[in-house]
Structure formats: C-alpha cells, structure tokens
Engineer: 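Can you keep this structure in mind? I'll have questions shortly.
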Amino acid sequence: MKCRVCREPAIIDIRRHNANFCADHFLRLCRDQVTKAIEAFSMITPDERCLVAVSGGKDSLAVWDILLDLGYQADGLYLGLGIGDYSDESGRYAREFAAQRGATLVEISLPDAYGFDIPNGSRAAKRKPCSACGLSKRHLFDQAALEGGYDVVATGHNLDDEAAVLFGNVLHWQTEYLGRQLPVLPARDGFPRKIKPLVRLGEREMAAYCVVKGIDYIVDECPMAKGNKHIGYKEALTAIEATSAGAKHSFYFGFLDRASARFQAEAEADQADLTPCTECGSPTSTEVCAFCRLVTRAGGRLPDGDHDTRLDAWFGDHVHPDPVVDGAFAGDPDDRDDPDPDPADHEPVLVDLAPTRRSPKDARP
Ligand code: SF4
Ligand SMILES: [Zn+2]
Ligand SMILES: [Zn+2]
C-alpha cells in the first residue's frame, strides 16, 4: 500500500478518495479538507476570534489542532458536565492538549457554576440526559463566546456525525431541523456564528489524525450515551459505506447542494422574534430561556447579578413582550428535546488503521 502522492509506504487508505496516504500526506489532506470547507462555506477569516467547543474527544481536539496549524486564532472551551470519571478524564485530556500546544483553554463547570450535574439534574428535571446536556452546551458555548468577544464557535462535528444527524432528521421528517442543518449557521440576535470545519472528514480519519499527531484523547464513550439513537444511525450508515464507498459524503453533500434550500423557509419562519431572558440576558422567545428553566428544574442555582452588557447591547432598547408560553417547552427552538445531542462527545471509536497503531497512547511518531 503506497501513498498516492509520494509512493512511500502508506498508513491509511481512504476508500471514498480511492487512495492511500503516508503520515505526512495524510495530515496535509486533513488540513486541505478543512481549508476547503472553510472557504466553500465562508466559515471564518484569519482576523476573527474562534472559540472551539472542546470535549476531550478526538474530533474536538483535532479541529482545534488543525485550526491552530492553519493560523486561526482559536481558544478552547471545556464544559465540565459532572459525569463522574468520564468528565474528570475528558477534562484532563483537554487541559493536556492546551498545555502542549500553549493554547488558551476556558473552563466552565456546570456543578460549580450552576449547582447541578447532568446525571442528577436531568433526572430531577425529567429530561433525557443528552437533551439536558445538549441544551446546556449550546447555551453556555453561545454565552461564553459572546461574553468573551469571540466571533465564531467551532465544533468537531465530522462527516459521519452530520450524515447520521441528517439520516435521523430524514427518517422522522423533521423538516424544521433539516433547514438548519448547515456547516455554518450565521450569527443572529445574540447568537455567535457556528461552524463545523470537519464536515469533509470522516470519523475514522479524525481518529487517525490524532494517532498520527500524537494527540491523546478520551476513548471511552460517555456513560450517558447508552441507547442513544444517533449512534445507531451512525452504525447503519457505516454498514452502507462498507459496500458503497462515498455513500456518506454523497448523502450529506448531495443534501446540501440539492435539498437543503427547500427547507430553509420553514426553518426561518420557525425562528420567532428573540428577546433577552429575564434571568440571564440570553436571546430567547420566551420570558425565561430554556437553560434557566432547566437550571431551576434541575435543582441548581442561577448566578446572581446583571447580565453581560454585550448581550444587552445586541437588543438595544428592545422591549420584552408578554411571554408567549403555551406549554412547558413551547416556542423556544433551544428548548425542544434535542434530536441530535452533540455527537462530538459520543465518539464511538471505529478505527481500523492497519498497519498503523491503534492506541493514541502509543502513537508518538
Ligand atoms: S452522551 Fe454526549 S450529549 Fe449525552 S450526556 Fe454524554 S456528553 Fe452529553
Ligand atoms: Zn506521501
Ligand atoms: Zn436565561
């Protein structure tokens, strides 16, 4: 097996490219694919500041590493979810990576800052753990980005994640989600721009990237992920890919090219006027935002004090309307059960990299 570029021994075959690559040319391929995604979807410019949502898993550490290598101003944000050993270990990987790269890692601890953890808080709030977790992550990443003056939030969603999310949304014809399933969501009323620079790279490639680069990441799956439908969708697509190389890519990018625009009107109509949450100042379509309601239901505590003035500035002198609440979770797009909890955190490891080594721990080149 020889590298397509230099004919030296290859370490990975990528069937959808019908090619093999040596370590150097594989790393270059990963960077090139990220550059291509950034340019094709106008994700970020070098003078913008980016906050990377870091879970300690392979995808989020790889996207942070590639953005830094490409010269982007990228800091990390790690959110401690209070999920026992899993959180302790994933936080350690995130810190180790930041220290090795000399990068800035911002940390927020859900138990310390808000008085609840995902396992107990979700039970008390009667929400599925992944739903409470996804809602908390979206809220806290957005808020931290705005308060820290970041232009963009980057996540480690890869091609496998996006194809699986698309599969789930099509399976249930969740048309309002289909209209929002884009590699870039523009900034609006108090939400930062969101970007997914890894959409052109698969899960197996991201694991290989970390192995080759010597990036240690948490391999164990989150214990809360058990029974998660997203993982089943991923496995189904991986089975299809095994007999039809490139199926995930053509499913996802075919959707973006030929179908996504058809659902956007519905997604836009679904985005009600937003006003500041009376508790935290974040944009919401109800009086109190979904996250603040979750904190209360989970038995946690809302921080005292004024909201960040930057958030108020987004709204100017916008007057808060009467609350439009006709049900516990009505109206607020952030408050629906998350159909696709952040897959970057589940990261089932499907790596088969023969002849390269499997464990990231023994992967130092
Ligand atoms: S599986 Fe992912 S979304 Fe679900 S609780 Fe764990 S980290 Fe959160
Ligand atoms: Zn080569
Ligand atoms: Zn709030």
Side-chain angles (χ1 to χ4, degrees), residues 53 55 77-84 86-87 91 106-148 153 188-192 194 222-225 228 270-315 318-342 345:
S55 69
L77 172 59
Y78 174 77
L79 181 58
L81 301 165
I83 308 179
Y86 173 78
S87 286
V106 181
E107 290 194 54
I108 298 174
S109 158
L110 207 53
D112 292 350
Y114 294 93
F116 74 101
D117 58 40
I118 292 298
N120 294 313
S122 61
R123 204 174 307 122
K126 298 191 169 48
R127 288 187 80 140
K128 288 181 192 151
C130 294
S131 164
C133 181
L135 167 59
S136 303
K137 282 193 256 191
R138 284 193 301 274
H139 177 90
L140 293 170
F141 285 130
D142 287 349
Q143 197 173 50
L146 290 172
E147 292 183 1
V153 169
R188 68 177 186 115
D189 295 342
F191 288 113
K194 315 260 181 65
C222 170
M224 304 276 113
N228 187 299
D270 197 49
Q271 295 186 334
D273 277 349
L274 301 176
T275 52
C277 166
T278 51
E279 292 288 350
C280 71
S282 292
T284 176
S285 61
T286 52
E287 186 178 9
V288 176
C289 78
F291 177 71
C292 290
R293 293 204 302 272
L294 171 68
V295 174
T296 307
R297 286 165 177 235
R301 57 176 184 277
L302 292 163
D304 297 331
D306 295 336
H307 337 130
D308 188 272
T309 47
R310 252 172 306 228
L311 281 171
D312 290 338
W314 285 88
F315 297 100
H318 202 140
V319 178
H320 205 292
D322 291 330
V324 233
V325 187
D326 56 14
F329 291 128
D332 188 337
D334 264 356
D335 205 0
R336 297 193 184 112
D337 262 4
D338 189 356
D340 308 296
D342 186 352
D345 276 318

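Keep in mind the model is a prediction, meaning the values are calculated, not measured. Every heavy atom of this structure was used, including side-chain atoms; hydrogens, water molecules and symmetry mates were not.
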Engineer: Applying side chain to side chain donor-acceptor pair (under 3.5 Å), can you list everything that pairs with Arg301, at least two apart in sequence or on another chain?
Structural biologist: none

Engineer: Please report the shortest heavy-atom distance between Cys289 and Cys280, naming the atom on each side.
Structural biologist: SG-SG, 3.8 Å

Engineer: Which atoms form the tightest heavy-atom contact between Val153 and Phe141, and what is the distance?
Structural biologist: CG2-O, 4.0 Å

Engineer: Please verify the inter-ring angle class for Tyr114 with Phe291; under 30° counts as parallel, over 60° as perpendicular, anything in between as tilted.
Structural biologist: perpendicular

Engineer: A side-chain contact here means heavy atoms from C-beta on lying under 4.5 Å apart; do Arg188 and Leu274 qualify?
Structural biologist: yes

Engineer: Do you know the tightest heavy-atom contact between Ile118 and Cys133?
Structural biologist: CD1-CA, 3.6 Å

Engineer: If you look at every heavy atom in Gln143 and Ser282, which pair is closest and at what distance?
Structural biologist: NE2-OG, 3.5 Å

Engineer: Do Leu294 and His139 touch side chain to side chain, with heavy atoms closer than 4.5 Å?
Structural biologist: no

Engineer: According to the salt bridge (Lys or Arg N to Asp or Glu O under 4.0 Å) rule, which pairs have a member within residues 113-125, sequence neighbours left out?
Structural biologist: none

Engineer: Taking all non-hydrogen atoms of both residues, which atom of Val288 and which atom of Thr286 are closest, and how far apart?
Structural biologist: O-OG1, 2.9 Å

Engineer: Is a side-chain donor or acceptor of Ser122 paired with a backbone partner of Pro119 at a separation under 3.5 angstrom?
Structural biologist: yes

Engineer: Can you tell me how far the CE atom of Met224 sits from the OG atom of Ser131, to the nearest 0.5 Å?
Structural biologist: 13.5 Å

Engineer: Taking side chain to side chain contact (heavy atoms under 4.5 Å, CB included) as the test, write out the residues that go with Thr296, two or more places apart.
Structural biologist: Leu302

Engineer: Under 3.5 Å, side chain of Tyr78 to main-chain N/O of Gly91, donor-acceptor pair present?
Structural biologist: yes

Engineer: Roughly how far, to the nearest 0.5 Å, is OG1 of Thr284 from CD of Glu279?
Structural biologist: 11.5 Å

Engineer: If I take atom CD from residue Glu147 and atom CG from residue Leu140, how far apart are they, to the nearest 0.5 angstrom?
Structural biologist: 9.5 Å

Engineer: How long is the straight-line distance from CZ of Arg127 back to CZ of Arg293, given to the nearest 0.5 Å?
Structural biologist: 8.5 Å

Engineer: Please report the closest heavy-atom contact between Phe116 and Gly121, naming both atoms and the distance.
Structural biologist: CD1-CA, 4.0 Å

